[in-house]
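Starting from 1, each residue takes its place in the sequence as its number. Below, all heavy atoms of this structure are taken into account, side chains as well, without hydrogens, waters or symmetry copies.
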Amino acid sequence: MAVTSSSPSPTPIANPKVRAAGKSEFGKLEIRSSVQENVEPLGAPSCYGTAEDYKISGTYKVQFTDTANTVTELALPSLTGFIQPRNETIPLKKLEFPGHDVFVITPNYTDCHGISFYLVDVSKNGAFLLQFLTPEGTFDQYDFLPKTELKVKKGLLEVQHGGAPGNEAVIEQHFKPDFAKHVMEKVS
């Protein structure tokens with residue numbers, strides 16, 4: 001017996017709002033929802049933000065438009081929403097590596113223990129989602145501690161990690177980019 005839903009499928013919209021964006025010498029990166037976003041107040045204070053913050057959901061795609069106006073779309077199926085203090089385009093943080101600009105996508109601006117983020121590499125070769133290669137496995141996203149910043153030092157991505165309940169230790173982790181393989185490999 002087939003189960004059907006009484007709610008209609010979201011209708012694609014012609015000109016979706018740019019939810020997040022960043023510019024590089026190689027082109028521009030934009031995140032848009034292919035359906036009308038649902039924007040509502042978070043409603044109650046929590047680890048994710050204040051009651052006045054916005055909970056924004058949609059069906060998001062990442063688009064890169066290079067300097068020759070060639071458009072590439074990247075899939076981030078687990079990116080389904082944002083929690084932000086304002087309902088406006090989010091400027092994407094850019095980390096610079098030689099020949100590469102790496103954009104940081106942080107759907108939620110805060111959290112109690114770890115802010116999840118994605119990385120998109122932009123270069124003369126196009127745009128690619130970077131995966132995190134760790135001894136525990138390969139992941140599309142990773143997290144860093146609230147009130148810390150992602151940094152690039154000596155060609156490595158520096159991430160403050162840890163601080164989970166029961167284990168409050170903060171660990172400084174380093175990832176070495178392998179742009180040809182589209183990975184950030186944990187080296188310490």
Show me, pair by pair, the donor-acceptor contacts under 3.5 angstrom made by side chains of residues 145-157, not counting sequence neighbours?
residue	atom	partner	partner atom	Å
T148	OG1	L145	O	2.5
E149	OE1	K93	NZ	2.8

Please output the side-chain donor-acceptor pairs of residues 123-131 that fall under 3.5 Å, not counting sequence neighbours, one pair per line with the distance.
residue	atom	partner	partner atom	Å
S123	OG	N125	N	3.1
Q131	NE2	D140	OD1	2.8

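Ring orientation note: the planes of F179 and H100 are close to parallel, at an angle under 30° on the 30°/60° scale.
Under the 4.5 Å side-chain criterion, counting only non-hydrogen atoms from C-beta, D178 is not in contact with E185. In this structure the side chain of V102 never reaches within 4.5 angstrom of the side chain of V120, judged on heavy atoms. For the pair L74/F64, no side-chain contact is recorded, criterion being any heavy-atom separation below 4.5 Å from C-beta on. Taking the side chain as every heavy atom from C-beta outward, F103 and V62 never approach each other to under 4.5 Å.
In this structure, a donor-acceptor pair under 3.5 Å is absent between the side chains of E88 and Y54.
In terms of modelled atom types and a separation under 3.5 Å, the side chain of N38 and the main chain of S57 share no donor-acceptor contact. Side-chain atoms of S33 come within 3.5 Å of backbone N or O of T59 as a donor-acceptor pair. No donor-acceptor distance shorter than 3.5 angstrom exists from the side chain of Q173 to the backbone of V187, with no hydrogens or angles considered.
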- For Y48 and K55, run side-chain contact (heavy atoms from CB on, under 4.5 Å): C-alpha distance rounded to whole Å, both residues' side-chain angles, the deciding distance at 0.1 Å, then the answer. CA-CA 10 Å; Y48 301 114; K55 181 178 179 183; over 6 Å; no
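Under the 4.0 Å criterion applied to side-chain N and carboxylate O atoms, K17 and E37 are not assigned as salt-bridge partners.
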